[in-house]
Amino acid sequence: VQLQASGGGLVQAGGSLNLSCAAFGRIFSLNRMAWYRQPPEKQRELVAEILVSGSTNFADSVKGRFTISRDNVKNAVYLQMNDLKPEDTAIYYCTADGLSGTRLRNTFFTSWGQGTQVTVSS
């Protein structure tokens, strides 16, 4: 299963961006989908996650500004980022886990997208 992320770019502080990530391959089911980010010279950190139930969790630094959603038909996850700040500058990665294969034969997988750059200027 492969993930393809898109939607990054350069934006001024206070602006908005919407990231998209689609999963491709022999997907039987998707469970957890999430966005992580890695700021320059820092470790990768969780931004937001969403379970198949719709339950969500956000990093404290983005609560109230970011929204995560998913489309279970399109096997996609989205991150709507509002009121962006320079400290949101990072490479954003999507990830998903679930089962690949068929109903009779499937295996657990975890996949990561290639990352998309988000740069917020002050």
**Request:** Given side-chain contact (heavy atoms from CB on, under 4.5 Å), test M81 with W35 step by step and report yes or no.
**Result:** CA-CA 12 Å; M81 306 184 292; W35 289 94; over 6 Å; no
**Asked** Is a side-chain donor or acceptor of S111 paired with a backbone partner of V1 at a separation under 3.5 angstrom?
**Response**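 At least one qualifying donor-acceptor pair exists.
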**Request:** Going by the side-chain contact (heavy atoms from CB on, under 4.5 Å) test, name the single residue among V62, L19, I91 that passes it with R37.
**Result:**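 Between R37 and the candidates, side-chain contact (heavy atoms from CB on, under 4.5 Å) is satisfied uniquely by V62.
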Minimum heavy-atom separation for [X] and [Y], please, with both atom names.
X: A48; Y: F58; result: CB-CD2, 3.5 Å
X: Y36; Y: T95; result: CE1-CG2, 3.7 Å
X: N31; Y: R70; result: O-NH1, 2.6 Å
X: A76; Y: Y78; result: CB-OH, 3.5 Å
X: C21; Y: L3; result: SG-CB, 3.9 Å
X: C94; Y: A5; result: SG-CB, 3.9 Å

**Asked** Are V47 and V118 connected in a single hydrophobic cluster, I mean Ile/Leu/Val/Met/Phe/Trp/Tyr linked by side-chain heavy atoms less than 4.5 Å apart?
**Response**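 Yes, one cluster joins them.
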**Prompt:** Do D60 and K63 meet the salt-bridge criterion of a basic N to acidic O distance under 4.0 Å?
**Reply:**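 Yes, this pair counts.
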What's the separation between atom [atom1] in [X] and atom [atom2] in [Y], rounded to the nearest 0.5 Å?
X: L30; Y: L99; atom1: CG; atom2: CG; answer: 9.0 Å
X: N57; Y: I50; atom1: CG; atom2: CD1; answer: 11.0 Å
X: I27; Y: N75; atom1: CD1; atom2: CG; answer: 4.0 Å
X: R32; Y: T110; atom1: CZ; atom2: OG1; answer: 8.5 Å
X: D71; Y: M33; atom1: CG; atom2: CE; answer: 9.5 Å
X: F108; Y: S29; atom1: CZ; atom2: OG; answer: 9.5 Å

**Item:** Pairs touching residues 1-23 that satisfy side chain to side chain donor-acceptor pair (under 3.5 Å), sequence neighbours left out
**Value:**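 Pairs touching residues 1-23 that pass the test: S16-N82.
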**Request:** For R26, look at atom CZ and say whether over 12 heavy atoms of other residues, nucleotides or ligands are found less than 6.0 Å away.
**Result:** no
**Asked** Between T119 and T89, does a side chain to side chain donor-acceptor pair (under 3.5 Å) hold up when you go through it step by step?
**Response** CA-CA 5 Å; T119 302; T89 294; 5.3 Å; no
**Message:** Could you tell me if the side chain of F66 sits less than 4.5 Å from the side chain of L17, heavy atoms only?
**Reply:** no
**Asked** What residues, two or more places apart in sequence or in another chain, satisfy side chain to side chain contact (heavy atoms under 4.5 Å, CB included) together with K42?
**Response** P39
